[in-house]
**Student:** 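Please find one structure pasted underneath; my questions will follow.
Ligands are counted one by one from 1 in listed order, and the atoms in each one are counted from 1 as well. Nothing here was measured: the structure is a model prediction, and the numbers come from that model.
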Amino acid sequence: LPSAPPQRFNFAAHLLNRNAAHAQQLALIDDNGTLTYGALDDQVRRCATALRALDLRREERVLLLMHDSREWVVAFLGCLYAGVVPVAVNTLLTADDYGYQLRHARAQAALVSAALAPTLAAALQGESHEVRAVVVAHGEATAALPAGVACHTFEAWIGAHPPAAQAADTHADEPAFWLYSSGSTGRPKGTVHTHANPYWTAELYGRGVLGLTPQDTVFSAAKLFFAYGLGNALSFPLSVGATVVLMAERPTPPAVFARLTGTTLTLAGRRPTVFYGAPTGYAGMLAHPALPARTEVALRLCSSAGEALPRDIGERWSAHFGVEIIDGIGSTEMLHIYCSNRPGDVVYGTSGTPVPGYELHIRGDDGQPLPANPDGSIDIGDLYVRGPSAALLYWNDRERSQQTFQGTWTRTGDKYTRTADGRYVYAGRNDDMLKVSGIYVSPFEVEATLVRHPAVVEAAVIGITDADGLTKTKAFIVLRPGAHASAEEIQAHCKQHLAPYKYPRAIEFVDELPKTATGKIQRFRLREREAAQAQAA
Ligand code: 3UK
């Protein structure tokens, strides 16, 4: 196993130091240009000075709300270098969501893409926040910011400051950055990670399992604000001096194909050797008529996470491209993948075996690890993980922190079994959370939005399995007597009031919902009905 980082450890300084000897090597390629490791070093250290010039202090939080780009990486590492704590958030949320995050994190500044500035501006209206400055990247801010909030343009802001000579003297175990993780109820949880955590994920998974080298060019369909994307396209490749391809736009099949085949202007023929995605994305690409031929790509390895990879998708991808998909399970709480298949040893339909450096338990209802059966298999139970990259806590949430972070063990919220040959097999979640396209969706949040529609009396949302074996959301809706609404209208309502990706993919209007004697909706009956219908079809 790799050695632990020293006590005084700054992850951004660590990455810059590791790459100091090959300043000419390409670090980042986005749609607007490239950045060598030498230029990255310069920009990160200028960004650190610029942050200090905004009067930001050690440990203060800054909202990072940007599309994947060179600026995202510079901003994130600039914060770490300065000892300022970036809160990297999903670019697909609503002004209400950002308003909560700004207040909860007590963000003192925000770094935002121009296209997202209007949503941020809306979040800054009204309720109390502490944001003193906004830095806009990828263009000029068009929406007016509240009085008292200074506005800068990223490029000019960075260019106006000299590179910081020294990184903040951070402790390996102090808060370095936050990510938000959704729960089934309540607001999202501010998950606090240290400087050491990304180091561990890069060493144990990026190097240890994926075997990344400076010769690799990596591309992640999962964005940087996801823990999966942050490891894939920042911590892992920059830890080994590899090259990263970044893409601001939505990872539609044609957009991903253009990168895999190196046919964008800035790629100019350079093709990724490692691709990371979620199962829904792999299924969408396999179904797309423009799927490139094996000879058009240069892949040596693919990674999947976010939801279980159905066996059929893995097999079809391997048959087409002659490359394995390495399925592994990770979480925002553990920062990256802790149980995974291995290159050259893939069994589709399983999450593989524990990543060296992590330990797993499958526990029974009494909280004790289940004993192995005579053949070595383990029956279904709750998955717990122990390893060095666990988050410190959920910010200002003692109760949910204690439920999840139990001493050295972390409760994953997943059910798992183990095969006789030691491979772990996903068996569902033990809360109500759904994973759609690899992203958490709370059925309760969707239901609460559905009943805000004037024609809707009641709603219940469940996960259904589509023809590819992937989870999609379905809403059962009771309309007000005499009221009318189409499925499309209901879906449009959801996209307007919720982060758009949370809209239910299927809608069924029903006369009533199944309920207990005390009036609780019986979602399991709806699930059973769906399963029976799928069987019959
Ligand atoms: C589910 C999987 C089966 C599982 C993530 C890689 O997905 C990530 O983080 P999230 O916090 O969600 C965590 C939950 O998602 N899940 C993830 N991967 C798999 N289920 N097979 C898989 N391969 O319920 C888990 O508890 O959004 C994935 C790296 C970093 C991550 N944060």
**Student:** For ligand 1 and Ser181, I'd like to know whether there is a polar contact (N/O to N/O, distance under 3.5 Å).
**Tutor:**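 So ligand 1 has no N or O lying under 3.5 Å from an N or O of Ser181.
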**Student:** Going by heavy atoms, is Gly328 under 4.0 Å from ligand 1?
**Tutor:**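 For ligand 1, residue contact (heavy atoms, under 4.0 Å) with Gly328 is present.
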**Student:** Using a strict threshold of under 4.0 Å (side-chain N to carboxylate O), is an ion pair present between Lys472 and Glu530?
**Tutor:**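 No.
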**Student:** With nothing but distance in play, are any N or O atoms of Thr332 less than 3.5 Å from an N or O of ligand 1?
**Tutor:**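 It does: an N or O of Thr332 is found under 3.5 Å from an N or O of ligand 1.
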**Student:** Do the ring centers of Tyr384 and Trp409 come within less than 6.0 Å of each other?
**Tutor:**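 No, the ring centres sit 6.0 Å or more apart.
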**Student:** Can we say Arg187 and Asp397 salt-bridge, meaning some charged N sits less than 4.0 Å from an Asp/Glu carboxylate O?
**Tutor:**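 Salt bridge between Arg187 and Asp397, a charged N being under 4.0 Å from a carboxylate O: no.
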**Student:** So which atom in Lys502 and which in Arg505 form the shortest heavy-atom distance, rounded to 0.1 Å?
**Tutor:**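 Closest approach of Lys502 to Arg505, heavy atoms only: C-NH1, 4.5 Å.
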**Student:** Could you check whether Lys474 pairs with Asp466 (Lys NZ or Arg NE/NH1/NH2 to Asp/Glu carboxylate O, under 4.0 Å)?
**Tutor:**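 No, no charged N to carboxylate O under 4.0 Å.
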**Student:** Kindly assign one of parallel, tilted or perpendicular to the pair Tyr180 and Trp178, based on the angle between their ring planes and the thresholds 30° and 60°.
**Tutor:**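 Rings of Tyr180 and Trp178: perpendicular, as their planes differ by over 60°.
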**Student:** Closer than 4.0 Å to some heavy atom of Thr412 - which atoms of ligand 1 meet that?
**Tutor:**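 That gives atoms 26 (O) of ligand 1.
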**Student:** For ligand 1, is there an N or O atom under 3.5 Å from any N or O atom of Gly306?
**Tutor:**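 By distance alone, the answer is yes.
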**Student:** Regarding ligand 1, does Tyr338 bring an N or O atom to under 3.5 Å of one of the ligand's N or O atoms?
**Tutor:**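 In this structure, Tyr338 places no N or O atom under 3.5 Å from an N or O of ligand 1.
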**Student:** Taking the non-hydrogen atoms of Leu335, is any one of them nearer than 4.0 angstrom to ligand 1?
**Tutor:**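 Per 4.0 Å heavy-atom rule, Leu335 contacts ligand 1.
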**Student:** Could you tell me, atom by atom, which parts of ligand 1 come under 4.0 Å of a heavy atom of Arg429?
**Tutor:**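 Counting from 1, the qualifying ligand atoms are 24 (O), 25 (C), 26 (O).
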**Student:** Any nitrogen or oxygen of Ser304, main chain or side chain, under 3.5 Å from a nitrogen or oxygen of ligand 1?
**Tutor:**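 Ser304 vs ligand 1: no N/O contact under 3.5 Å.
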**Student:** Quick one: are Leu335 and Trp200 in side-chain contact, heavy atoms under 4.5 Å?
**Tutor:**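 Leu335 vs Trp200: side chains apart.
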**Student:** Between Tyr228 and His336 (judged by ring centroids, cut-off 6.0 Å), do the two rings come close enough to count as a pair?
**Tutor:**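 Under 6.0 Å, so yes.
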**Student:** Tell me which protein heavy atom sits closest to atom 3 (C) of ligand 1, plus the residue, atom name and distance to 0.1 Å.
**Tutor:**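 Going by distance alone, atom 3 (C) of ligand 1 is nearest to Ala308 N, 3.3 Å.
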**Student:** Which bit of Tyr228 gets closer than 4.0 Å to ligand 1, counting heavy atoms only: side chain, backbone, both or neither?
**Tutor:**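 Tyr228 to ligand 1: contacts from backbone and side chain alike.
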**Student:** Do Phe219 and Tyr276 have ring centroids that are under 6.0 Å from one another?
**Tutor:**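 Not under 6.0 Å, so no.
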**Student:** Note the single closest protein heavy atom to atom 25 (C) of ligand 1, along with its residue, its atom name and the distance in Å.
**Tutor:**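 Protein heavy atom with the smallest distance to atom 25 (C) of ligand 1: Asp414 OD2, 3.3 Å.
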**Student:** Considering only protein heavy atoms, which is closest to atom 7 (O) of ligand 1, and at what distance to one decimal place?
**Tutor:**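 Atom 7 (O) of ligand 1 sits closest to the protein heavy atom Lys435 NZ, 3.0 Å.
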**Student:** Which of the atoms in ligand 1, numbered in the order shown and given with their element, are less than 4.0 Å from a heavy-atom of Tyr440?
**Tutor:**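 So the atoms of ligand 1 that pass are 10 (P), 11 (O), 12 (O), 13 (C), 14 (C), 26 (O), 27 (O).
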**Student:** Measure from atom 32 (N) of ligand 1 to every heavy atom in Gly330, Ser331, Gly231, Gly413 and give the option owning the shortest one.
**Tutor:**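 Heavy atom nearest to atom 32 (N) of ligand 1 belongs to Ser331.
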